[in-house]
Amino acid sequence: MCLGIPGRIVEITTDIMAKADVAGTRKEINLMLVEDVRIGDYVIVHAGFAIQKVNEQEAQETLRILKEFTEGMSP
């Protein structure tokens with residue numbers, strides 16, 4: 001199963017690399033698959049790559065659903 005998780009861009013480090021806050025964890029991600037990404041944008045992160053830009057509302061809703069799902073899996 002593949003899962004992309006929304007992340008907010010917090011720093012652009014090179015032409016194709018950035019740091020993103022993904023569910024409270026900072027990850028280095030590759031931006032080569034998306035265009036015109038800026039600090040503060042939300043992207044879907046999969047396997048270390050940003051694969052799609054999303055708006056903040058969609059990102060927050062997805063993060064909320066993922067949190068509910070993982071909390072439901074706790075013993």
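Keep in mind that the numbers below use all heavy atoms, side chains included, and drop hydrogens, waters and symmetry copies.
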Please determine, by modelled atom types, if Y42 and Q60 share a side-chain donor-acceptor pair under 3.5 angstrom.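 Yes, because at least one side-chain N or O of Y42 sits under 3.5 Å from a partner of the opposite role on Q60.
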
Reference residue I5; test side chain to side chain contact (heavy atoms under 4.5 Å, CB included); the match among L63, T62, I44: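 Output: one option passes, namely L63.
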
Applying a strict under-4.5 Å side-chain criterion to I, L, V, M, F, W and Y, I'd like to know whether V54 and F49 cluster together.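 Both belong to a single hydrophobic cluster.
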
Is there a path of hydrophobic side-chain contacts, each under 4.5 Å between heavy atoms of I, L, V, M, F, W or Y residues, that connects V37 with M32? no

Any idea which heavy atoms bring [X] and [Y] closest together, and the distance?
| X | Y | value |
| --- | --- | --- |
| R38 | I9 | O-CB, 3.6 Å |
| T13 | A18 | OG1-N, 3.7 Å |
| V10 | I39 | O-CG2, 4.0 Å |
| K53 | D36 | NZ-O, 2.9 Å |
| V34 | Q52 | CG1-N, 3.5 Å |

Apply side chain to side chain donor-acceptor pair (under 3.5 Å) to E68 and list each qualifying residue two or more places apart in sequence or on a separate chain. R64

So L3 and H46, do their side chains get closer than 4.5 Å, heavy atoms only? no

Salt bridge (charged side-chain N to carboxylate O under 4.0 Å, His left out) partners of D15, counting only residues at least two apart: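 By the salt bridge (charged side-chain N to carboxylate O under 4.0 Å, His left out) rule, D15 matches no residue at all.
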
Looking at residues at least two apart in the chain, or sitting in another chain, which of them share a side-chain contact (heavy atoms from CB on, under 4.5 Å) with V45? V22, I29, V43

Spacing of I51 atom CD1 and N30 atom CG [to the nearest 0.5 Å]: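 Spacing of CD1 (I51) from CG (N30) equals 12.5 Å.
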
From CG (D41) to CD (E56), nearest 0.5 Å: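 Answer for the CG-CD pair, D41 versus E56, is 10.5 Å.
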
